[in-house]
Structure formats: C-alpha cells, structure tokens
Amino acid sequence: MSRNTRQLAKSASLISLATLLSRVLGLVREQLIAHLFSRTATDAFYVAFRIPNLLRDLFAEGAMSSAFVPTFTDYLTKKDRQEAWTLASTVLNLLVLVLSLITLVGILCSAQIVNMFAGHFHSVPGKFELTVLMSQIMFPFLPLVALAAVAMGISNSHGRFFIPALAPAMFNIGSLLAAIALYFWLLKHGLDPILGMAIGTLVGGLFQLLIQLPTIFKEGFRYSSRLAFRHPGVRRILLLLGPGTLGLAANQINIFINTWLATSQEEGAVSWLNYAFRLMQFPIGIFGVAIATAALPTISTHVSRNETEGLRNTISSSLRMVFMVNVPASLGLVFLSTPIISLIYQHGRFKASDTNSTANALIFYSIRLFAYSAVNVLVPAFYDLGRSRVPVAISAVAVSLNVALNLILIKPMGYRGLALGTALTAILNFLLLFYWLQKYIGSLRPNLLITSFFKVMMASMIMGIGCFYFHQWFYLLSSSDTTVWRALVLFLSIGVGLIILFFACKLLRISELDSAVNLVKRRLK
C-alpha cells in the first residue's frame, strides 16, 4: 500500500469515527426531544429549524463548500499563501454581511415565512406562535454554520480532517447541554421548555465554529477586514455556485412542499417523519458514505488516466458493495422497525402510538437506502468527467416527480405517502444517473448488477423474516418490558439475523460478502 493510500485510509477512518460520534449524539438529541416535549412542541421545533436549514445547504455544507474548497486549494498551491488568506477573509466577510441581512429579514418576517410553511398550525392554539418564536431565535444559526463551513474548507485544504468532521458532534453537544440547562428554568418562568432546544441550536452552532478556529489559526490564517466583491477568487466561487445552486433550489422547493404537506396531517406527523428520517440516515452515514469515500480517489485516478475499463469496473464493484451492505440494512429496518423505535424513543412523552406511527414512516423511508448510497457513488463520477450539469438536471427531474408523487400519495396514505414518495424518487434518481453514466463511459454490466441485487435481496428477505419471528418468539419468553430486556431481545435478534444473512449469502454464492464483512469490521474498529 502506497504512502498516499495509507494516508487516505487513515483520514477516511478518522472522518468515519467523527461521523459515527456525530450520528450517535444526534440520535441522543432526538431521544431527548421525543422524551421531554409534546407532539405540538416537537412539530413546531422541527418546522422552525427547517427554515434556516433550507439556506444552510446553499451557504454552508452544500454549494458554498463545494465552490470554496477547490478555489481556496488552488490559491494555496499556485499563489502566495497570503493571497489565499486574503481570499478566505474576503469570503468570510461577505458571508457575514449577506447572511446578517438575510437573518435580519428572516427574524422580521418569521410570521409570514412560517405561515407559508405551516399555515395549518393555526388550527392548534399556540402552535403557530411557538413556531414563529423559535424561528426568530434560530435564524442566527445560519451565519454561524456558514462560517463553520468555511473554516472546515480551510482545514480540509490543509489536510486536516478530524476536527472539522468532529464539528457537527460539537453542535449536538452544545444543543444538548443548553436544552438540559434551560429546561427547568424555562418551566419555572412559565415558558415552553422546547425554547431551550431553539437556544441550544445557537449554542451548538457556536461550538461548531469555535472548535475549528485553533486549527485554522495554527495553519497560519490571519483575519483581514477586506471586503471586495470583485476579488477574482470570489468571482470564481460565484461561477462554481451556479450549477449546484440550481440543483439545491429545486431540492429546497421539494422540502418546502413536503413540510407544508406534513403540517396538514395529524398532530405529530412532522415529528414522526423526522424521527424516521434520522434513523434511516444512520446506516447511510456509517456505511454508505464509507463506500463512496473509498471509491472516490480510485474513480478520479481512472478518469485522469483515461482508464475507461478500470473506471467501469470500480463503479460496478462499488455499486455491488452498496447493495451488499445497504439492502440488508434496509430490510432490517423494515422488519425490526417497531422494536428499534420503541427502544430508542418510547420514553417520557413518546407513547406506543408514536412508535407505531414512526415505524410506518421508517418502513417506507428505508426502501431508499440502497439508492441513496448508490447516488453518492455515481454523482462524483459525473463531476470527474466534467459532466456536472447531468446530475443537477436529473435531480431537478427527480424533485419534480417527488412533489407530484407526494401530492398524489398523501390523500390515500397520509404522512406515510410522503415517506414513500421520497423513497421512490431516490430510486428513480439512481436509475437515471446509472443510465446516463453509461452513455459516457460504456456499459456497467447491468445484468450482473441486477443479478447481484436480487441475490442480496433474497438473502436479506430470509434474514428479515428470521429476525422478525425470532424477536417475536424471544420476546414472549418473559413478561418483562424493561428497557434492558427490550435492548437484549433486539440485539440478540440482530445477531441471529446477521448469522442467517451470512449463511444465506454463502448459499447463494454472493461474492461481495467477504468485502462487506471487512468493511463492517473497519467501521466498527
């Protein structure tokens, strides 16, 4: 293994460790919200938080990061370091100026904005007003997280990955500490304690920024108050923002419509969908991103060397690995959705009825697991090939279909239709990307992929059925319903399921099994 490869593997492992910590803390944060607060309060919080989050994708982790990092890295390698620091300061100053204005407008117009997102909240006394207040409190989160994203880009450009990857975990820690500290104080003063979560969001955003400052100052960053709209680096960043912004704009429209539809459903629908989505994202964050991270440098190397055959083989094998890891995870969530949600969330104000409602959403969301992870493998290939407009256009088509499906499905299925529509759209997105990529690099051997998918699906179905019935049988052995007993039964059921999956894959001669086992071992170390 070359030195570069070892370094990449080390960086990827550190990122995975930090990501895992962040996901776990995020889950703890969701548990706290479900345990302490009513459905009315949690619905209001998630809608209020979603409003600044719509802009976060553009000005922070989304398009802005994708445009800033290559530009800043180019300045570091080809120009004087002082010019690179000047560019970073200029971007920071422009972000502070622009986002401060947006934040001010957002605070002043929160009532109108919330009315567009969640006008149905007027039907529940106090719910709309609570959402507006939390929206006003959380709007300053936007500039904080944007500045943190620039700091992350600076660190990554210098080969520093662990602390920036740890920053989201610090957000969760900050928000948890503030919410716990303020809970009883808010109750004592006659205020809704969910406001502690809103204030905690600001504290978490500040933590996310502050933890990264020592790293960038250690690399030599020196702040400058320069404000130059015509800076060539800024112009380049704005040009790179174009395609990504179009794709994100379509996605934000989709989120807006989904949120609006969810608020029209029964009390708690927004929260149930959010809890289910969080659980669905967990295996993606650990394994789906890991596969994409491992494949990316190899894909880039094949493209730069014009090695088309090697590129096709890498993408094909990566997709088969995605199927091997994510299809079992998907069906595991489907068959064990109720006991998983019961163990994690069913405490305090979160009742058995909430568990059943969240499980219904999780079942439909889980269908998209393999497709979502596969998209993470395919999209970078288009960018390496210089075809960035293709995934943006496909994303816009997928978003349009998602809106249409959700409008159709919500009437017969309620909030569950939103989860199903999102899942079906993710699968379509994957299929379109797969089809168009073959136009540029040739056949990815779809017959082999289809065969692999259905073999893994068959093994996973056997695993899922085994898990389900073993859990039912084992649970009946005791009349106890303690958290410890539920956890023991669930973990034993998952263990039995993994054993069944192993032998089913061996029986079906699924060659990706050994690679998947090694991947899981690396992620658990």
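Bear in mind the structure is a predicted one, so any value in this text is a computation, not a measurement. Along the sequence shown, the residues carry numbers beginning at 1.
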Can you check side chain to side chain donor-acceptor pair (under 3.5 Å) on Arg29 and Ser175, steps first, answer last?
CA-CA 8 Å; Arg29 179 171 173 265; Ser175 57; 3.2 Å; yes
Step by step, work out the side chain to side chain donor-acceptor pair (under 3.5 Å) result for Thr42 and Ser271.
CA-CA 6 Å; Thr42 56; Ser271 300; 2.6 Å; yes
Please evaluate residues Thr263 and Phe117 with respect to the criterion side-chain contact (heavy atoms from CB on, under 4.5 Å), reporting the C-alpha separation (whole Å), side-chain torsions for both, the decisive distance (0.1 Å), and the verdict.
CA-CA 8 Å; Thr263 61; Phe117 272 85; over 6 Å; no
Run the ring pair (Phe, Tyr, Trp, His ring centres under 6.0 Å) check on Phe45 and Phe37 step by step: do they pass?
CA-CA 10 Å; Phe45 172 75; Phe37 308 115; 8.1 Å; no
Go through it in stages, so that I can follow the logic: the residues are Gln265 and Ile410, the test is side-chain contact (heavy atoms from CB on, under 4.5 Å), and I'd like the CA-CA distance, side-chain angles, deciding distance and then a yes or no.
CA-CA 9 Å; Gln265 299 303 296; Ile410 195 168; 3.3 Å; yes
Pair Leu130, Phe121 - check side-chain contact (heavy atoms from CB on, under 4.5 Å), show working.
CA-CA 10 Å; Leu130 180 61; Phe121 281 2; over 6 Å; no
Would Phe430 and Tyr372 count as a ring pair (Phe, Tyr, Trp, His ring centres under 6.0 Å) here? Give the steps.
CA-CA 7 Å; Phe430 159 62; Tyr372 192 92; over 10 Å; no
With side-chain contact (heavy atoms from CB on, under 4.5 Å) as the criterion, how do Leu279 and Tyr275 come out once you've worked through the C-alpha distance, each side chain's angles and the decisive distance to 0.1 Å?
CA-CA 6 Å; Leu279 284 173; Tyr275 297 139; 5.8 Å; no
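Between Trp272 and Tyr415, the distance from one ring center to the other falls under 6.0 angstrom. Residues Trp85 and Phe72 place their aromatic rings such that the two centres sit under 6.0 Å apart.
In the displayed structure, Phe217 atom CZ is contacted under 6.0 Å by more than 12 heavy atoms of other residues, nucleotides or ligands. Other residues, nucleotides and ligands place no more than 12 heavy atoms under 6.0 Å from the CZ atom of Phe184.
You'll find the side chain of His231 stays beyond 4.5 Å of the side chain of Leu94, heavy atoms only. Looking at heavy atoms from C-beta onward, Thr86 lies in side-chain contact with Gln82 at the 4.5 angstrom threshold. With a 4.5 Å cut-off on side-chain heavy atoms, Leu488 and Phe491 do not count as touching. With a 4.5 Å cut-off on side-chain heavy atoms, Gln208 and Val145 count as touching. The side-chain heavy atoms of Asp43 and Lys127, taken from C-beta on, include a pair separated by under 4.5 Å. For the pair Phe141 and Phe171, the minimum side-chain heavy-atom distance is below 4.5 Å. Residues Asn274 and Glu30 have side chains in contact (heavy-atom distance under 4.5 Å, counting atoms from C-beta outward). At least one side-chain heavy atom of Ile163 sits under 4.5 Å from a side-chain heavy atom of Ile211.
To the nearest 0.5 Å, the span separating OG on Ser38 from CD on Glu267 amounts to 7.5 Å. The CE atom of Met152 sits 10.0 Å away from atom CG of Leu166, with the distance rounded to the nearest 0.5 Å. The distance from the CG atom of Leu362 to the OG atom of Ser337 is 5.5 Å, given to the nearest 0.5 Å. How far CZ of Phe335 is from OG of Ser330: 10.0 Å, rounded to the nearest 0.5 Å. Between atom CG of residue Leu182 and atom CG of residue Leu177 there is a gap of 10.5 Å, rounded to the nearest 0.5 Å. In this structure, OG in Ser395 is found 11.0 Å from CG in Leu432, a value given to the nearest 0.5 Å.
Side chain of Gln31 to backbone of Ile344: a donor-acceptor contact under 3.5 angstrom is found. With Gln212 contributing its side chain and Ala148 its backbone, the two residues share a donor-acceptor pair below 3.5 Å. At least one donor-acceptor pair under 3.5 Å links the side chain of Ser123 to the backbone N or O of His120. No donor-acceptor pair under 3.5 Å is formed between the side chain of Asn402 and the backbone N or O of Thr425. Using a distance-only test at 3.5 Å, with no hydrogens or angles considered, no donor-acceptor pair links the side chain of Ser373 to the main chain of Phe370. Checking side-chain atoms of Asn326 against main-chain N and O of Val322 turns up a donor-acceptor pair under 3.5 Å. Between the side chain of Asn93 and the backbone N or O of Ser224 there is at least one donor-acceptor pair closer than 3.5 Å. Panel note: side chain Ser135, backbone Thr131; no donor-acceptor pair is recorded below 3.5 Å. Using a distance-only test at 3.5 Å, with no hydrogens or angles considered, a donor-acceptor pair links the side chain of Arg416 to the main chain of Met413. Formation of a donor-acceptor pair under 3.5 Å by the Thr358 side chain with backbone atoms of Thr355 is not found in this model.
Among all heavy-atom pairs drawn from Leu369 and Ala329, the shortest one is CD1-C, 3.8 Å. Nearest approach of Val203 to Ala178, heavy atoms of both residues: CG2-CB, 4.0 Å. The heavy-atom pair separating Pro52 from Leu142 by the smallest distance is O-CD1, 4.0 Å. The two residues Pro164 and Ser155 make their nearest non-hydrogen contact at CG-CB, 3.4 Å. When all heavy atoms of Leu333 and Ile340 are compared, the pair lying nearest together is CD2-CD1, 3.9 Å. When all heavy atoms of Asn406 and Gly421 are compared, the closest pair comes out as OD1-CA, 3.4 Å.
Under the side chain to side chain contact (heavy atoms under 4.5 Å, CB included) criterion, Lys351 pairs with Ser353, Asp354, not counting sequence neighbours.
Screening Tyr46, Tyr345, Phe350 for a side chain to side chain contact (heavy atoms under 4.5 Å, CB included) with Ile33, the sole residue that qualifies is Tyr46.
No side-chain donor from either of Arg368 and Thr422 sits under 3.5 Å from a side-chain acceptor of the other.
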For residues 187-201, which side-chain donor-acceptor pairs fall under 3.5 Å, sequence neighbours excluded?
residue: His189; atom: ND1; partner: Trp185; partner atom: O; Å: 2.8
residue: Asp192; atom: OD1; partner: Ile194; partner atom: N; Å: 3.0
residue: Thr201; atom: OG1; partner: Met197; partner atom: O; Å: 2.9

